[in-house]
Structure formats: C-alpha cells, structure tokens
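One structure is given here, and the rest of the page talks about it.
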Amino acid sequence: MAALETVQGVITVQTLVVYESFFGNTEQVAGAIGAAIEGARGQQGEVVVRKVNEVSRGDLQGIELLVVGAPTRAFRPSPGVAQWLAALPAGALQGMAVAAFDTRISPDDANSAVLRFMVKLFGWAAEKIAKRLAARGGRQVASPLGCYVLGSEGPLREGELDRAADWARQAAAQA
C-alpha cells in the first residue's frame, strides 16, 4: 500500500479499515464500511479493508482515515485488535481521522438482566477501541458504532450492514 499517490495531478488519500472476526460477522461489517466509504469518496482515494494480522505499522503511512473494529469479547476488543492497538507507539496516529466499531449481542435479544448490568458496568469494545485510537493521537470523526449479532456466532441482525454503511459515509464526510 503506497502512502500518498498522485493520479492526474490529484492527491489521493487512503482509508484503512482494520478488523478481526471469528464467525464472519465483523468481517461483513468491515466490508460494508469499506464499500460505503469507497462509494462516498468516489475517485478521491483508495479504501483498503484488512484483517488485523495483515496490517503493519508501516501501512499507516499516508492514511487519512483509519477505521478499526472487533467483536466484543468479555466487554473488550478481541485479543488481536487489542494487541495491535497496544503495540502502536504514542503519537502514531497524530492528527489522523479515526473511527471505531464492534459487533455485539444486544442485552434485549439475549433477554438477560445480568448482561444489561455488565454492559452498564464495563461497556462495549467500540468505546475502548476509540479511546485507544485517541490515546495514540487519532482524531475521532464518528461516535463508536455497535452492530448487533443474534447469538454469539451471529448472524447479524437485519439492517445492521445498512446502518454500518450509513455510519461509514458520515465518518468519511468528517475525515
């Protein structure tokens, strides 16, 4: 992935969507986000969607918008995303537009008072990802997004991919 490229005299910027997925739900959301941003930006830059284990620190050079997502595991980001974020040095995202998303089970769908209580106490992965991105110098351009899955392995709740695409277009507009 090149940093900034010039195409017919126009500087193109890039968006990188980084994710981890276990059952394919977070991967679907990442794909919908990437496609929506690409559609919103048109010819104004490349959008790359990659699994977290395929992204190195060098891939961040020239990135205008970084979107990071993970499944919520024990009220935190999945291990791969958490480790990747922890390995980023302070200031690595200085001034970069950033946004965070997760996949999660709705306490209402699970019909669980315990889960509702735990969520109030500990929160979701997207909020933690957003804080870590900001701590590395990122500039948050969208509120953290949570996409709901039905059960621990999914599938995604109907309409979630459309909701993720709408969110992504808004994030791209603010980047």
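Atoms considered below: every heavy atom in the structure, side chains included; atoms not considered: hydrogens, waters and symmetry mates. Sequential numbering from 1 along the given sequence is applied to the chain's residues.
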With sequence neighbours left out, the residues meeting salt bridge (charged side-chain N to carboxylate O under 4.0 Å, His left out) with R76 are none
Please identify each residue that fulfils salt bridge (charged side-chain N to carboxylate O under 4.0 Å, His left out) with D162, with sequence neighbours left out.
-> none
Hey, are the side chains of [X] and [Y] touching, using non-hydrogen atoms and a 4.5 Å cut-off?
X    : Y    : value
V52  : Q83  : no
D59  : V48  : no
L150 : L156 : no
R50  : V18  : no

For [X], all residues meeting side chain to side chain contact (heavy atoms under 4.5 Å, CB included), sequence neighbours excluded:
X    : answer
F122 : F75, M118
Q170 : none
A70  : P77, S78, V81, I129

Quick one: list whatever passes side chain to side chain donor-acceptor pair (under 3.5 Å) with [X], sequence neighbours left out.
X    : answer
R73  : none
D166 : R169
Q28  : none

Identify all side-chain donor-acceptor contacts of residues 85-104 below 3.5 Å with residues at least two apart in sequence or on another chain.
residue : atom : partner : partner atom : Å
D102    : OD1  : R104    : NE           : 2.8
D102    : OD1  : R104    : NH2          : 3.2
D102    : OD2  : T72     : OG1          : 3.3
D102    : OD2  : R104    : NH2          : 3.0
D102    : OD2  : A125    : N            : 3.2
D102    : OD2  : A126    : N            : 2.8
T103    : OG1  : T26     : OG1          : 2.7

Pairs meeting criterion side chain to side chain donor-acceptor pair (under 3.5 Å) with involvement of residues 141-151, two or more places apart = none
Which residue pairs pass the side chain to side chain donor-acceptor pair (under 3.5 Å) test when at least one of the two sits in residues 127-139, sequence neighbours left out?
-> none
Answer yes or no: does atom CD of E158 have more than 12 heavy-atom neighbours from other residues, nucleotides or ligands under 6.0 Å?
-> no
Under 4.5 Å between side-chain heavy atoms, chaining through other members, with only Ile, Leu, Val, Met, Phe, Trp and Tyr counted: pull out the rest of the cluster around F22, sorted by chain and number.
-> F23
Hey, is the main chain of G80 close enough, under 3.5 Å, to the side chain of E20 for a donor-acceptor pair?
-> yes
